[in-house]
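First comes the structure, then the notes that go with it.
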Amino acid sequence: MARSATGESVLTRAVRVLDAFSAEEPALTVGEVARRSGLHVATASRLVAELVRHGLLERGPGREVRIGVRLWELGARASPTVSLREAAMPFVEDVHAVVGHHVQLGVRDGDEVIFVERVSARDAVINFTRIAGRLPLATSSSGLVLLAYAPLPVQEGLLAQPLQPVTAAGFGTSAQLRSALADVRRTQAAVLPGHQHPDATGIAVPVRDGAGQVVAALSVIVPNDGRAAELVPLLLTAARGIGRSLGRSAASADGAGRRDRT
């Protein structure tokens with residue numbers, strides 16, 4: 001594979017181009033792509049043109065560039081979150097019918113939580129997350145749950161870094177965060193009033209797979225009115241239902257695999 005003068009492969013540079021896009025800014029000019037990716041404009045332009053030819057990027061009417069449908073198709077086909085979303089959606093919808101605000105499903109990716117599903121309502125409380133959106137683990141209820149069950153090196157690595165709370169209610173010291181992680185493991189829930197916005201409270205619980213491993217966080221975002229903790233039993237029940245569904249799916253897949261090998 002051809003490499004640049006810096007030793008980077010074409011694939012690495014193409015990934016840098018794709019990483020330039022975000023949920024907040026899904027459409028960029030080639031110049032913006034070059035600036036965000038750290039590539040020369042000519043190099044970025046050449047890579048963008050190639051990615052457009054393959055359908056991984058597409059051009060808008062103003063010559064801006066955005067993620068192409070083919071990239072979404074490939075991601076949806078191969079993503080390990082597909083079975084998780086399929087198992088979770090009936091329970092997500094049931095929780096939404098009761099709560100009437102935002103219900104979300106998030107998974108950990110490094111030091112961030114990425115939201116793979118979300119159900120909302122027109123008059124729901126303010127919420128900054130969206131499908132495929134990311135937040136730092138230490139700033140949201142979903143992230144806190146996922147961090148509480150992350151490998152110890154991940155926890156200690158984040159605890160060793162300066163924290164950057166979004167609001168005054170957020171965790172400002174490692175001691176506060178460490179205590180909150182212990183509370184999550186003890187209560188099986190995170191309730192964070194005002195951590196993303198003063199008017200909103202995030203509540204999250206862990207979702208376990210058939211082997212008992214935490215694979216996701218189920219959360220709701222509701223008004224910051226002091227009643228959020230009342231929803232924890234509802235979320236725990238839904239999370240257990242998702243876990244049972246994941247366990248059945250895994251057992252079915254294992255059975256099919258054994259039959260195929262015989």
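One is the number of the first residue; the rest follow in order along the sequence. Side chains are part of it too, since the values below use all heavy atoms of this structure and drop only hydrogens, waters and symmetry mates.
A donor-acceptor pair is defined here as one N or O able to donate and one able to accept, closer than 3.5 Å; such a pair exists between the side chain of D209 and the backbone of G212. Side-chain atoms of S179 never come within 3.5 Å of backbone atoms of Q176 as a donor-acceptor pair (strictly under, hydrogens ignored). Within the 3.5 Å criterion, the main-chain N or O of T201 finds no donor-acceptor partner in the side chain of N224. A donor-acceptor pair under 3.5 Å is formed between the side chain of E32 and the backbone N or O of T29. Without hydrogens or angle criteria, Q104 side chain to V119 main chain gives no donor-acceptor distance under 3.5 Å. Counting only distance, with no hydrogens or angles, the side chain of H197 and the backbone of D199 share a donor-acceptor pair below 3.5 Å. Side-chain N or O atoms of E64 include one that pairs as donor or acceptor with a backbone N or O of G62 at under 3.5 Å. A side-chain donor-acceptor contact under 3.5 Å links Q155 to the backbone of A148. Looking only at distances, no side-chain donor or acceptor of E25 sits under 3.5 Å from a matching main-chain atom of S22. Of the possible donor and acceptor atoms, none in the side chain of S245 sits under 3.5 Å from a partner among the backbone N and O of G241.
Put simply, the side chain of T237 does not reach to within 4.5 Å of the side chain of F91, judged on heavy atoms. Between R36 and L28, the closest side-chain pair of non-hydrogen atoms falls below 4.5 Å. When side chains are defined from C-beta on, H195 does not count as touching V166, because their heavy atoms never get closer than 4.5 Å. Side-chain contact between V48 and R59 is present, with at least one heavy-atom pair separated by less than 4.5 Å. Two residues are said to be in side-chain contact when any heavy atoms from C-beta on lie closer than 4.5 Å; V99 and L234 meet this criterion. In this structure, the side chains of L163 and T173 stay at 4.5 Å or more apart for every pair of heavy atoms. You'll find the side chain of R185 reaches within 4.5 Å of the side chain of L181, heavy atoms only. A heavy-atom distance below 4.5 Å is not found between the side chains of L144 and V113.
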Inset, instruction - Would you please test D109 and R134 for side chain to side chain contact (heavy atoms under 4.5 Å, CB included) and show each step? - result: CA-CA 9 Å; D109 184 22; R134 294 171 178 265; 2.8 Å; yes

Inset, instruction - Evaluate the side chain to side chain contact (heavy atoms under 4.5 Å, CB included) criterion for residues F21 and L71: first the C-alpha distance (whole Å), next the side-chain angles of each, then the deciding distance (0.1 Å), finally the verdict. - result: CA-CA 13 Å; F21 299 89; L71 188 60; over 6 Å; no

Inset, instruction - Go through the steps to decide whether V10 and L47 satisfy the test side chain to side chain contact (heavy atoms under 4.5 Å, CB included), and finish with yes or no. - result: CA-CA 8 Å; V10 173; L47 288 169; 4.0 Å; yes

Inset, instruction - Might you work through the side chain to side chain donor-acceptor pair (under 3.5 Å) test for T167 and Q196, ending with a clear yes or no? - result: CA-CA 6 Å; T167 70; Q196 280 291 319; over 6 Å; no

Inset, instruction - Check the pair F115 / V107 against side chain to side chain contact (heavy atoms under 4.5 Å, CB included), numbers first and verdict last. - result: CA-CA 6 Å; F115 295 93; V107 298; over 6 Å; no

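Between L246 and A87, the shortest heavy-atom contact is CD2-CB, 3.8 Å. Between T43 and R13, the shortest heavy-atom contact is CG2-NH1, 4.1 Å. Closest approach of G55 and R70 over heavy atoms only: O-CB, 3.2 Å. Across A14 and L51, no two heavy atoms sit closer than the pair O-CD1, 4.3 Å. Between V232 and A189 the shortest heavy-atom distance is CG1-CB, 3.7 Å. The nearest pair of heavy atoms linking L158 to L137 is CD1-CB, 4.1 Å.
Remark: R108 is not positioned above the aromatic ring of Y149, lacking an NZ or CZ atom under 6.0 angstrom from the ring centre and at most 45 degrees off the axis.
Separation of atoms CG (L152) and CG (L159) is listed at 9.0 Å; rounding is to 0.5 Å. Distance CG/L218 to OG/S142: 8.0 Å, rounded to 0.5 Å. Of the inter-residue distances, the one linking E8 atom CD with L11 atom CG reads 10.5 Å to the nearest 0.5 angstrom. Taken from CE in M89 to CZ in R85, the straight-line distance is 8.0 Å, to the nearest 0.5 Å. Separation of atoms CD1 (I221) and CD1 (I203) is listed at 7.0 Å; rounding is to 0.5 Å. Separating the CG atom in D111 from the CG atom in L135 is a distance of 13.0 Å, to the nearest 0.5 Å.
Within a 6.0 Å sphere centred on CD of Q161, heavy atoms belonging to other residues, nucleotides or ligands number more than 12. For CG of D123, the number of neighbouring non-hydrogen atoms (other residues, nucleotides, ligands) closer than 6.0 Å is 12 at most.
Both I242 and V215 belong to a common hydrophobic cluster when Ile, Leu, Val, Met, Phe, Trp and Tyr are linked at side-chain heavy-atom distances under 4.5 angstrom. Both V103 and L231 are assigned to one and the same hydrophobic cluster, defined by single-linkage of ILVMFWY side chains at heavy-atom distances under 4.5 Å. Linking ILVMFWY side-chain heavy atoms closer than 4.5 Å, directly or via other members, places L74 and I67 in a single hydrophobic cluster. Following chains of ILVMFWY side-chain contacts shorter than 4.5 Å, one cannot reach V145 starting from L84, and the two form parts of different hydrophobic clusters. Connection of V207 to V95 is established within a shared hydrophobic cluster, with ILVMFWY side chains joined at heavy-atom distances below 4.5 Å, either directly or through further cluster members.
In summary, of the residues considered (H102, H96, H101), a side-chain hydrogen bond (donor to acceptor under 3.5 Å, both in side chains) with S120 occurs for H102 alone.
Between D19 and R16 no salt bridge is recorded (no basic side-chain N to carboxylate O distance below 4.0 Å). E156 has a carboxylate O that lies under 4.0 Å from a charged side-chain N of R178, or vice versa, which qualifies the two as a salt bridge.
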